[in-house]
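Reviewing the structure listed below.
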Amino acid sequence: MNERRQLLSAGQCDRQMIDRLFSLTDLLRQKRRTDAVFSCLRGQTVCLLFFEPSTRTRLSFSLAVHSLGGRTEGSEAAGSCSSAAKGETIEDTMRVLESYGIDAVVIRHPQRGIMERAAGATALPIINAGDGDGEHPTQALLDLYTITRLVPKARKTIAFCGDIKHSRTIRSLCRLLSAYDGGTGGVRLIFCSAPQLAPDAELTGMLDTAHLDYEITDNIADALRQCDVFYQTRVQQERFANGQDGMQAAQTVADHFSLSMDRVCRMKPGAIILHPLPRIGEIDTRVDADPRAKYFTEQTRNGLYVRMALLVWILRPDFKTGLPWCLGSELN
Ligand code: NCD
């Protein structure tokens, strides 16, 4: 990790950092259930700047900051309601936030590479909440946390389905898995999609470098039968240069790669179904009641705890050694 604690890419995380973050997440999850009120971010302000739509990421960051005793400022429609709409650069916006004494900035933006530009213009910690079709490292952290806690097997198969090519959550999760399991043989990946939505060379190159075992297929029945984790995604229509192609891709996923009750019945009993959400029809709503469906329960909820842990890690530099630091009243 960098000297300055921040999170621009999942590629910055190593196994030790991930393990520490997840131990802290366990603790926060346990304590919050007992209604403990934390104050470790008292006096700190986190700015949430969202230039693209968001429900879960923005709300859970906001809740996470408040649960830790901090304050939030910012804009949920920064693309149209901040000075960006007048042409202000991200660099100038960062300089302004720094002069107000903000402590960290969470940014979502449609453009890849914007996080590095923001981080280059300020000493403030930047957290990437999604940059175009680039990365979404905090989603990847909550996905990996959910997988490790719900599927504790030493060897597991994760199947990714839907629009793999444009998914920043899959890209970041693969980076994280490379750091977490690369070369250990602990994980096998199956990418299941129509050819036009398959992983690109950037993603497969990264998996090859990390020596992760993977397969690319269009056979959803096989993927469902083999997997311990089925990770479904929507077609990212906003990432297509031509709207017609996006609509066609969505139809292909609806026709051949969606999750129906029939298909879920072929999965292992202990497998889990994840989706970063929003769901746009690629999982039948009847699947929601299946005990394997975790997208509206553990997965979403863990987003709050993982983001709380990340904020503690970034904004409390005295959090160096993980669990012992935050045991008992020291968290307050
Ligand atoms: C994802 C995103 O924004 O990349 N959603 C999320 O943050 N939970 C996935 C998506 O929009 O399809």
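Everything numeric in this text was worked out from a predicted model, so none of it was measured. In each ligand, atom 1 is the first atom listed, and ligand 1 is the first ligand listed. All residue numbers refer to positions in the sequence shown, counting from 1.
Less than 4.0 angstrom separates some heavy atom of Q236 from each of these atoms of ligand 1: 10 (C), 11 (O), 12 (O). Short contacts between ligand 1 and R234, defined as distances under 4.0 Å to a heavy atom of the residue, involve ligand atoms 10 (C), 11 (O), 12 (O). Less than 4.0 angstrom separates some heavy atom of L277 from each of these atoms of ligand 1: 1 (C), 5 (N), 6 (C), 8 (N), 9 (C), 10 (C). Interface atoms of ligand 1 facing H136, defined by a heavy-atom separation under 4.0 Å, are 2 (C), 4 (O), 6 (C), 7 (O). Of all the atoms in ligand 1, the ones that sit under 4.0 Å from a non-hydrogen atom of P278 are 10 (C), 11 (O). Which parts of ligand 1 touch P276 is read off a 4.0 Å heavy-atom cut-off, strictly below it: atoms 6 (C), 8 (N).
The pair D200-R171 meets the salt-bridge criterion, since a charged nitrogen lies less than 4.0 angstrom from a carboxylate oxygen.
Counting heavy-atom neighbours within 6.0 Å of R56 CZ, excluding the residue itself, gives a total above 12. Heavy atoms of other residues, nucleotides or ligands lying less than 6.0 angstrom from CD of E298 number more than 12. Within 6.0 Å of CZ in R42 there are 12 or fewer heavy atoms belonging to other residues, nucleotides or ligands.
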Evaluate L176 against L141 for side chain to side chain contact (heavy atoms under 4.5 Å, CB included), listing each step before the verdict.
CA-CA 8 Å; L176 217 53; L141 283 167; 3.7 Å; yes
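If you look at R108 next to ligand 1, the close heavy atoms, those under 4.0 Å, all belong to the side chain. Proximity of T233 to ligand 1, defined as any heavy-atom pair under 4.0 Å, is not found for any part of the residue.
Considering only non-hydrogen protein atoms, atom 4 (O) of ligand 1 sits nearest to R168 NE, 2.7 Å.
In terms of polar-atom proximity, defined here as any N/O pair under 3.5 Å, T169 makes no such contact with ligand 1.
Considering only residues two or more places apart in sequence or on other chains, Y180 meets the ring-ring contact (aromatic ring centres under 6.0 Å, His included) condition with none of them.
Evaluated for a side chain to side chain donor-acceptor pair (under 3.5 Å) with D133, the options K165, R112, Q236 yield exactly one hit, R112.
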